[in-house]
2 protein chains.
Amino acid sequence: MDVTKAIHLLKEKGFKYTDKRKDMLQVFANELRYISAKDVQETLKPHYPGLSFDTIYRNLSTFSELGILEETELDGEKKFRFKCPTSEHHHHLICLTCGKTKEVAGCPMEQLPVNDSGFTVTGHKFEIYGYCQACSL
Amino acid sequence: MDVTKAIHLLKEKGFKYTDKRKDMLQVFANELRYISAKDVQETLKPHYPGLSFDTIYRNLSTFSELGILEETELDGEKKFRFKCPTSEHHHHLICLTCGKTKEVAGCPMEQLPVNDSGFTVTGHKFEIYGYCQACSL
DNA sequence: CCAATGAATAGTAACGATTACGATTTAGCT
DNA sequence: AGCTAAATCGTAATCGTTACTATTCATTGG
């Protein structure tokens, strides 16, 4: 997923092209890590001093629904990153300081015994937390 | 973990005994599922109509720190349940409607390759989401 | 190229969950 | 019983997120 592809996808789904959307996407293209709505606002402040919460949150959630962004929640705060180009389903090691991630191959769901629990499974979350090399210093 | 053991642990750590704490713990003993602060308030409303947020949140967080409760976050809301009596480290299948859980044996961390990522790992989360039999109907 | 139209945005208010604070009450000790 | 620190109440403040109305803007069709 890159900015061009994302904009195509938006157009395809009937969303309009705006500079703000392009620039928001560019922020994610430049930062390959989980960032918050506030981070986006801060980064774009020089360009768009009055960028509205409504705009940020609505667009982030649109991007996320379209599969342009991946989403997680750390410390009660939603964080987003560009969807990994990797085609295979995988999980992440996440730096709790800067949001940087590292892919972890495989998925624990594969090794699970047959589901005889009576539960209808709809999703799962596997994340490993820690601190990246730069943030460990 | 049960109410008696939890109260002993509290006393041991220098916390005082109060009826509210006992009754809060009893709520968790009766409900073997993830519940929210609001659920606790609702359940105890007949007994303690004016139970304060301060009291609830402070105690929940104390219980959690002492390992009396397990904590997770669903939909941006903190949820708590009595710590499983199972001694082995394990994970849960969680019903998104009622919070009921089912233990899943083993932990995906064990099957992970040696950590050569440069990350210092401090924790992980593996949760499976779905709907229990009762809530699937 | 221009006007129409419906989506996108700004500015701000509302909201829900959580945390914080001063005043008061209470448990545990002497 | 009286003292002291912890616990609680009532409520306000905070934080992240969502919602609303008026306005602006991208797209489309003449």
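Chain naming here is simple, since letters A, B, ... match the order of the sequence lines and numbering starts at 1 in each. Given the structure is predicted, the values throughout are model-derived calculations rather than measurements. We use all heavy atoms of the structure for the numbers below, so side chains are in, but hydrogens, waters and symmetry mates are not.
When distances run from any side-chain atom of D54(A) to the nucleotides dA7(D), dC20(D), dT27(D), the shortest one goes to dC20(D). Residue R58(A) places its side chain closer to dA8(C) than to any other of dA8(C), dG28(C), dG16(D). Among the nucleotides dA17(C), dA20(C), dT9(C), the one closest to any side-chain atom of Y57(B) is dA17(C). In the set dC9(D), dA27(C), dG16(D), the nucleotide with an atom closest to the side chain of K38(A) is dG16(D). The side chain of T18(A) approaches dA26(D) more closely than any other nucleotide in the set dT12(C), dA26(D), dT8(D).
Rounded to an integer number of Å, the gap from K11(B) NZ to dG28(C) C1' is 8 Å. Between the CD1 atom of I56(A) and the P atom of dA10(C) there is a distance of 9 Å, rounded to whole Å. The separation between K78(B) atom NZ and dG16(D) atom P is 13 Å, rounded to whole Å. Taking atom CG of D19(A) as the reference point, atom C1' of dT24(D) lies 14 Å away to the nearest angstrom. Atom NZ of K13(B) is separated from atom P of dA5(D) by 22 Å (rounded to the nearest Å). With rounding to whole Å, Q41(B) atom CD is found 13 Å from dG16(C) atom C1'. Here dA6(D) presents its P atom at 15 Å from CG of N59(B), a figure rounded to the nearest Å. The distance between atom CG of L51(B) and atom P of dT8(D), rounded to the nearest whole Å, is 9 Å.
Of the side-chain N and O atoms in T55(B), none sit less than 4.0 angstrom from OP1 or OP2 of dA7(D).
Looking only at distances, a side-chain donor or acceptor of T43(B) sits under 3.5 Å from a matching main-chain atom of D39(B).
DNA chain C is contacted by both G76(B) and F15(B); G76(B) maps to the nucleotide lying nearer its 5′ end (nearest heavy atom per residue). Heavy-atom distances to DNA chain D give each of K16(B) and K20(B) a nearest nucleotide, and the one nearer the 5′ end belongs to K16(B).
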Next item on the list: Could you walk me through whether L66(B) and F15(B) pass the side chain to side chain contact (heavy atoms under 4.5 Å, CB included) test, one step at a time?
Entry: CA-CA 11 Å; L66(B) 295 184; F15(B) 292 93; 4.0 Å; yes

Next item on the list: May I have the step-by-step check of side chain to side chain contact (heavy atoms under 4.5 Å, CB included) for Y129(A) and L74(A), ending in yes or no?
Entry: CA-CA 10 Å; Y129(A) 307 110; L74(A) 292 163; 3.5 Å; yes

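With sequence neighbours left out, E31(A) forms a salt bridge (Lys or Arg N to Asp or Glu O under 4.0 Å) with R33(A).
Annotation: H124(A) is in aromatic contact with H89(A) [ring centroid separation under 6.0 Å].
Looking at heavy-atom distances under 4.0 Å, F53(A) makes contact with a base.
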